[in-house]
Amino acid sequence: MQRATAESFGKVSNLDEIYALLATLDIENGWAKREPSMWPSPRPSFLPAHWSYGPAKAALDAAGRYINTELAERRNLILANPMPANSYATVRTLVAAYQMVKAGETARSHRHTANALRLVLDTAPGTYTIVDGRKIPMVPGDVLLTPNWCWHAHANESTADAYWMDILDVPTVQLLNPMFFEHHEDGLESVTGTDQHGAFRFPLTDTIARLESSADIAPGHREIGLLNPQGGPAMATIGLTVTRLEPGAQMQIEPTTASAVLAAIEGNGTAAIAGTKFAFARGDAIACPAGTSQIITADSRCYLLRASDEPLMQALGWLRPIPVA
Ligand code: GTQ
Ligand code: FE2
């Protein structure tokens, strides 16, 4: 149909004729929509969920017999939230994955606008992430950063297969679409040295020492932030905290607009996410969607990494509590 003119609107005799004319101009009326465009508070969407490290590790071993790092950019397993029609995101803004690099293997250099971090689970000395040409040791419990557009590769020069958990803001990048990705022209970029310490590595030993010298915020409950050198969040879109819980201690997080992934660095216990209970152990991941209350109870001493989109929500003025219905 031809595009409606100004004159044509002078000749209408009912609303439906106006709607028909508007359709020719790619304009929708904003008042008669069946679906509201706003609602009083966030609608539940992503589900509380839990993934066990054990079976995922075994799956990586099995996949390692068929998939090499020539074939696969990364040998990783995506922790896709079980909400209907989702096959990627763990919570709305973040994706978590388990990754394995075999003994003697490398995973080639690439860079992307997505921010990434890794929680090291099982590695032997001689396992490295290579960020902008610097080798960064991967020691179990360490948290390593590969922020926006940093070249990164993984190299396992040890004799044991290496396992870790990746957490990235890829779903955020997909949503807002500042998406760039490229391979390094050298495949594996050349190494200029090793950094035991630096802005991209939070060794578990340092984290434990900081927790040791910090005060309880509640009985048996301590918490520190993994911050950038300026004292801000680790990365622009992802904030990181490590919580230490003594056996029997509990932490409670009230529902907010922030989404998070919780990862057990050490210890086991129970997580109740919006009332859904999961028993967790070392290496497990828990989806903590926006709007859920989160109650964690430790059975043994726990070190828990929490990766959340709080810096993103905070920067946009959207970090708010959500009243439970
Ligand atoms: O190790 O560079 O799990 O780029 C997903 C995307 C890991 C990585 C993932 C990645 C990486
Ligand atoms: Fe990557």
Side-chain angles (χ1 to χ4, degrees), residues 49 51 53 56-57 59-61 63-64 67-81 86-102 105-123 127-140 142-158 161-175 177-189 191 200-202 234-238 240 261-263 283-285 287 305 307 309:
W51 292 265
Y53 173 44
K57 186 169 186 265
L60 285 170
D61 291 336
I67 296 287
N68 62 33
T69 48
E70 294 296 311
L71 250 114
E73 183 74 15
R74 296 293 188 254
R75 184 190 290 111
N76 59 353
L77 298 173
I78 305 296
L79 309 188
N81 191 281
N86 178 60
S87 60
Y88 187 70
T90 305
V91 290
R92 183 176 294 277
T93 50
L94 301 171
V95 64
Y98 290 108
Q99 182 171 171
M100 189 264 275
V101 174
K102 285 190 197 179
E105 201 177 47
T106 57
R108 58 186 169 266
S109 299
H110 68 203
R111 62 178 175 179
H112 38 67
T113 44
N115 294 279
L117 64 100
R118 331 204 177 272
L119 169 61
V120 183
L121 295 174
D122 285 299
T123 55
T127 310
Y128 303 95
T129 277
I130 301 162
V131 182
D132 285 336
R134 308 296 295 178
K135 269 181 165 176
I136 301 178
M138 298 186 93
V139 177
D142 288 2
V143 174
L144 311 175
L145 308 183
T146 55
N148 181 355
W149 215 234
C150 292
W151 290 111
H152 56 283
H154 313 301
N156 186 348
E157 298 166 11
S158 83
D161 298 345
Y163 307 81
W164 60 85
M165 189 191 300
D166 300 306
I167 300 177
L168 301 93
D169 62 4
V170 178
T172 304
V173 181
Q174 291 174 344
L175 204 64
N177 209 22
M179 181 70 80
F180 293 88
F181 175 98
E182 63 186 31
H183 294 283
H184 198 283
E185 59 180 6
D186 299 337
L188 187 69
E189 76 169 309
V191 172
F200 295 153
R201 181 174 184 222
F202 297 94
M235 295 186 287
T237 55
I238 307 176
L240 300 173
V261 174
L262 204 62
D284 290 5
L305 174 68
D309 63 9

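Every number for a ligand or one of its atoms is a count from 1 in the order of the listing.
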Donor-acceptor under 3.5 Å (Arg108 side chain, Thr69 main chain) = yes

request  = Could you tell me the residue and atom name of the protein heavy atom closest to atom 6 (C) of ligand 1, and the distance to it rounded to 0.1 Å?
outcome  = Leu168 CD2, 3.7 Å

ask   = Counting only heavy atoms, which portion of Ile78 has something under 4.0 Å from ligand 1: side chain, backbone, both, or neither?
value = neither

inquiry  = Among all protein heavy atoms in this structure, tell me which lies nearest to atom 1 (O) of ligand 1, with the distance rounded to 0.1 Å.
reply    = His154 NE2, 2.7 Å

request  = Among all protein heavy atoms, pick the one closest to atom 5 (C) of ligand 1 and tell me residue, atom and distance.
outcome  = Asn76 ND2, 3.4 Å

inquiry  = Could you walk me through whether Asn86 and Asn81 satisfy the side chain to side chain donor-acceptor pair (under 3.5 Å) test, starting with their C-alpha distance in whole Å, then the side-chain angles of each, then the deciding distance to 0.1 Å, before giving a yes or no?
reply    = CA-CA 7 Å; Asn86 178 60; Asn81 191 281; 5.2 Å; no

key: Identity and distance of the protein heavy atom lying nearest atom 7 (C) of ligand 1   = Asp166 OD2, 3.3 Å

task = Tell me, yes or no, whether the heavy-atom count around Phe180 atom CZ, taken from other residues, nucleotides or ligands under 6.0 Å, exceeds 12.
result = no

message = Which atom name would you report as the N, O or S atom of His112 nearest the Fe ion (ligand 2)?
response = NE2

remark   = For atom 11 (C) of ligand 1, the closest protein heavy atom turns out to be Arg74 CG, 3.7 Å

task = State plainly whether the residues Glu189 and Arg111 are in salt-bridge range, i.e. N to O under 4.0 Å.
result = no

ask   = Is the backbone N or O of Met138 less than 3.5 Å from a side-chain atom of Thr123, with the two atoms forming a donor-acceptor pair by type?
value = yes

inquiry  = Side chain, backbone, both or neither: which applies to Glu73 and ligand 1 if a contact is any heavy-atom pair less than 4.0 Å apart?
reply    = neither

inquiry  = Main chain of Thr129, side chain of Arg134: is a donor-acceptor contact present, judged purely on distance under 3.5 Å?
reply    = no

query = Okay, side chain of Thr90, backbone of Leu79: is any donor-acceptor separation there less than 3.5 Å?
reply = yes

ask   = If you count the atoms of ligand 1 from 1 in the order shown, which ones are under 4.0 Å from a heavy atom of Ala97?
value = 3 (O)

ask   = Closest to the Fe ion (ligand 2), which N/O/S atom of His152 is it?
value = NE2

